[in-house]
Amino acid sequence: MPEATKIRAVKGTRDLLPPATGLWQRVEDEARRVFAAYHFGEIRTPVLEPADLFARSVGADTDIVTKEMYTFEDRDGERLALRPEATASVVRAYIEHGLFNQGRVNKLYYIGPMFRRERPQKGRYRQFYQIGAEVLGSEAPSIDAELLEMLVLLLDRLGLRGCRLLLNSVGDSHCRPEYVKVLRRALENMQGRLCADCQRRAATNPLRVLDCKVEADQPLIAKLPSILDHLCPECRAHFERLQAELGQRGVKYELAPRLVRGLDYYTRTAFEITSDVLGAQNAVLGGGRYDGLSELLGGPAAPGIGFAIGLDRLILAVEAVGQLKPQEGLAVYIAWLGEAALPPAIELATELRRADWSVELDYEPAKLKKSLGTASKLGARFTVIIGEGELASGRYQVKNMATGEQQEVPAARVGGYLQERIGSTFFARAEIGR
RNA sequence: GUGAGCGUAGCUCAGCUGGUAGAGCGCCAGACUGUGGAUCUGGAUGUCGCGGGUUCAAAUCCCGUCGCUCACCCCA
């Protein structure tokens with residue numbers, strides 16, 4: 001290494017490299033497939049947004065906006081921000097493009113990086129990735145239920161076990177303020193008996209006391225009034241219909257009256273899925289309804305619901321469970337012996353690659369022993385050997401790397417031979433990896 | 001922003017109370033002139049994160065600094 005100061009990735013950001021990215025692709029593919037089944041379309045919004053968008057949606061007083069958002073002034077003085085989440089952007093686009101004029105509901109999903117300047121730790125990065133989906137234009141409980149069903153299917157496809165779906169309703173602009181008052185009063189009566197953090201939360205954000213993790217506080221917290229007992233009739237009916245439909249769809253969940261969400265815009269349905277294989281940051285995904293958000297951003301009344309999956313965390317969980325294998329592999333390695341064999345080797349490689357087989361070959365002259373070693377290391381399913389004899393006969397040696405069997409195959413037939421052995425899929429979907 | 005732990009070969013790490021660096025894995029070569037994954041033999045690679053101090057002598061002790069990790073806060 002030259003003696004210049006090493007430039008490293010920015011704190012809290014990281015490079016994702018090949019064997020690992022195979023798993024990321026696999027997970028993203030599964031998500032896209034499941035979303036397509038539920039007829040969601042992909043939306044791609046900018047990573048850069050007016051800073052004000054998040055102040056108005058996420059909440060000007062939230063930690064995300066006050067201390068975690070990357071904001072800066074553009075050269076013309078405009079305040080910009082790297083998006084800390086995507087729901088606000090999706091709703092902004094929904095309004096900007098008049099999607100509400102399309103009638104019916106809009107079902108959109110996104111995959112991409114988000115940015116929050118927090119202290120990194122396991123499952124939490126400054127540039128992190130989210131897969132999310134939003135349904136805009138209806139408050140029907142059936143949509144909430146469908147969304148949750150879809151999530152359960154996705155996690156199942158990914159082989160994730162040990163996940164819990166926690167469900168709550170946080171009420172709306174009518175009943176939640178009332179509940180917060182009741183909660184405040186109850187907290188005042190407990191003054192001094194909760195942990196220091198809770199004392200502080202009781203004043204700043206009483207709802208947060210509910211998900212305090214301090215063991216000693218639990219008995220007291222259990223005695224606090226539950227929001228579910230304070231929902232207005234409309235919210236209660238909505239929540240009951242949702243639960244009924246979840247039952248009908250076979251979606252298992254746990255009522256979590258103490259589940260609260262951090263972003264200001266949430267109303268009614270709130271949920272979270274946790275995994276017991278993660279560390280302290282055990283929430284794989286979170287979401288909920290945000291019926292007033294569109295209006296807050298200057299749009300029409302357009303109720304919505306959505307979720308965001310923490311991809312980094314999802315991957316950690318998928319790795320821990322170890323069910324899903326990255327989808328990558330090498331179908332064929334071509335070993336050529338002697339300069340005269342190089343042109344035919346290149347010709348074969350090109351032909352196979354055009355037929356979508358994944359192919360590698362020696363770039364420099366190598367001993368057969370070495371080529372086979374390389375082929376083996378790369379996980380090639382087959383190795384084609386082209387030497388003097390093969391050139392003369394026009395029949396190549398094709399070796400099955402798993403069994404060691406080897407057969408002579410006419411040069412023009414190699415593609416067909418592979419097709420018969422590996423299958424009709426377009427390229428080797430070898431299940432390699434650990 | 002707060003706290004704790006850790007920075008030694010490409011990777012995982014050992015190196016006790018100071019005597020100027022090791023293992024396993026990986027990599028390369030050979031045993032085996034055109035047959036891999038096994039075994040054996042040999043080989044290459046380190047500013048011991050960086051800077052300073054103590055000492056005859058520092059990877060080891062002290063101070064500082066940077067980085068990473070985990071946790072708190074909060075969230076995905």
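Letters go in sequence order (proteins before strands), and every chain restarts at 1.
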Separation of the C1' atoms in B:A44 and B:C16, to the nearest angstrom
31 Å

Give the rounded distance in Å between these two atoms: CD of A:Q121 and C1' of B:A71.
6 Å

C1' gap between B:G49 and B:C66, integer Å:
8 Å

With a 4.0 Å cut-off, would you call A:E420 and A:R413 a salt bridge?
yes

How far does the P atom of B:A9 sit from the matching atom of B:G22, given to the nearest Å?
14 Å

Hey, does A:G389 reach any base, or is it just sugar-phosphate, or nothing, if we go heavy atoms under 4.0 Å?
base

Ranking A:I64 and A:T403 by the position along RNA chain B of their nearest nucleotide, the one closer to 5' is A:T403

d(NZ, A:K399; P, B:G36) in whole Å:
7 Å

Need one value for A:M401: base, sugar-phosphate or nothing, where a base atom within 4.0 Å counts as base even if backbone is also close, heavy atoms only.
base

Using the P atom on both, measure B:G64 against B:U12 and round to a whole Å.
28 Å

Integer-rounded Å distance: B:C73 P and A:R124 CZ:
10 Å

Describe the nucleic acid contact of A:G387 in one word from base, sugar-phosphate, nothing, applying a heavy-atom distance below 4.0 Å.
base

Side chain of A:R8 (C-beta onward), nearest among B:A76, B:G67, B:C72:
B:G67

Nearest-angstrom distance from the residue atom CZ of A:R119 to P of B:G1:
7 Å

A:I7 CD1 to B:G49 P, in whole Å, measures 22 Å

Please work out whether the ring planes of A:F382 and A:Y417 are parallel, tilted or perpendicular, with thresholds of 30° and 60°.
perpendicular

Short side-chain N/O contact from A:K369 to OP1 or OP2 of B:G36, under 4.0 Å:
yes

Residue matched to B:A71 through Watson-Crick or wobble contacts both under 3.5 angstrom:
B:U2

Strictly below 4.0 Å: does A:K377 bring a side-chain N or O up to OP1 or OP2 of B:C28?
yes

Tell me if the aromatic rings of A:F40 and A:Y109 count as close, with their centers under 6.0 Å from one another.
no

Have a look at A:Q281 and say if it touches a base, only the backbone sugar-phosphate, or nothing, with a 4.0 Å heavy-atom cut-off.
base

Atom CZ of A:R117 to atom C1' of B:G1: distance rounded to whole Å?
10 Å

Assign each of A:S376 and A:G123 the nucleotide of RNA chain B bearing its closest heavy atom; nearer the 5' end lies the nucleotide of A:S376

Value rounded to 0.5 Å, distance of CD in A:E134 from CG in A:L293
9.0 Å

At under 4.0 Å between heavy atoms, what does A:G132 touch on the DNA or RNA strands: base, sugar-phosphate, or nothing?
nothing

Is it true that A:D52 and A:R56 make a salt bridge, defined as a side-chain N closer than 4.0 Å to a carboxylate O?
yes

Between A:E390 and A:R395, is there a salt bridge with N-O shorter than 4.0 Å?
no

Salt bridge check, A:R32 against A:E42: does any charged N sit closer than 4.0 Å to a carboxylate O?
yes

Please measure how far the P atom in B:G7 lies from the corresponding atom in B:U60, and state the result in whole Å.
11 Å

Testing A:Y94, A:F307, A:Y265 for ring pair (Phe, Tyr, Trp, His ring centres under 6.0 Å) with A:Y290, which one passes?
A:Y265

Quick one: is B:G34 close enough that its OP1 or OP2 comes under 4.0 Å of any side-chain N or O from A:K367?
no

Need one value for A:Y333: base, sugar-phosphate or nothing, where a base atom within 4.0 Å counts as base even if backbone is also close, heavy atoms only.
nothing

B:A76 P sits how many Å from A:F54 CZ, rounded?
14 Å

Which of the following nucleotides, B:G34, B:A76, B:A71, is nearest to the side chain of A:L368?
B:G34

Just checking A:A375: base, sugar-phosphate only, or nothing, at a heavy-atom cut-off of under 4.0 Å?
nothing

Looking at every strand, decide which applies to A:A402 at a 4.0 Å heavy-atom threshold: base, sugar-phosphate, or nothing.
base

Describe the nucleic acid contact of A:E390 in one word from base, sugar-phosphate, nothing, applying a heavy-atom distance below 4.0 Å.
base

Please give the distance between the C1' atoms of B:A59 and B:A71 as a whole number of Å.
29 Å

Considering every strand and a 4.0 Å limit on heavy-atom distances, what is the contact class for A:R116: base, sugar-phosphate, or nothing?
base

What contact category does A:I385 fall into here, base, sugar-phosphate, or nothing, at under 4.0 angstrom with non-hydrogen atoms?
base

Scan A:E68 against the nucleic acid and name what it touches under 4.0 Å (heavy atoms): base, sugar-phosphate only, or nothing.
sugar-phosphate

A:K122 has a side chain; which of B:U35, B:G34, B:A71 sits nearest to it?
B:A71

If I pick the C1' atom on B:C13 and the same atom on B:A21, what distance separates them, to the nearest angstrom?
14 Å

I need the CZ-C1' distance between A:R126 and B:C68, as an integer number of Å.
13 Å

P spacing across the pair B:C11 / B:U69, given as an integer number of angstrom:
15 Å

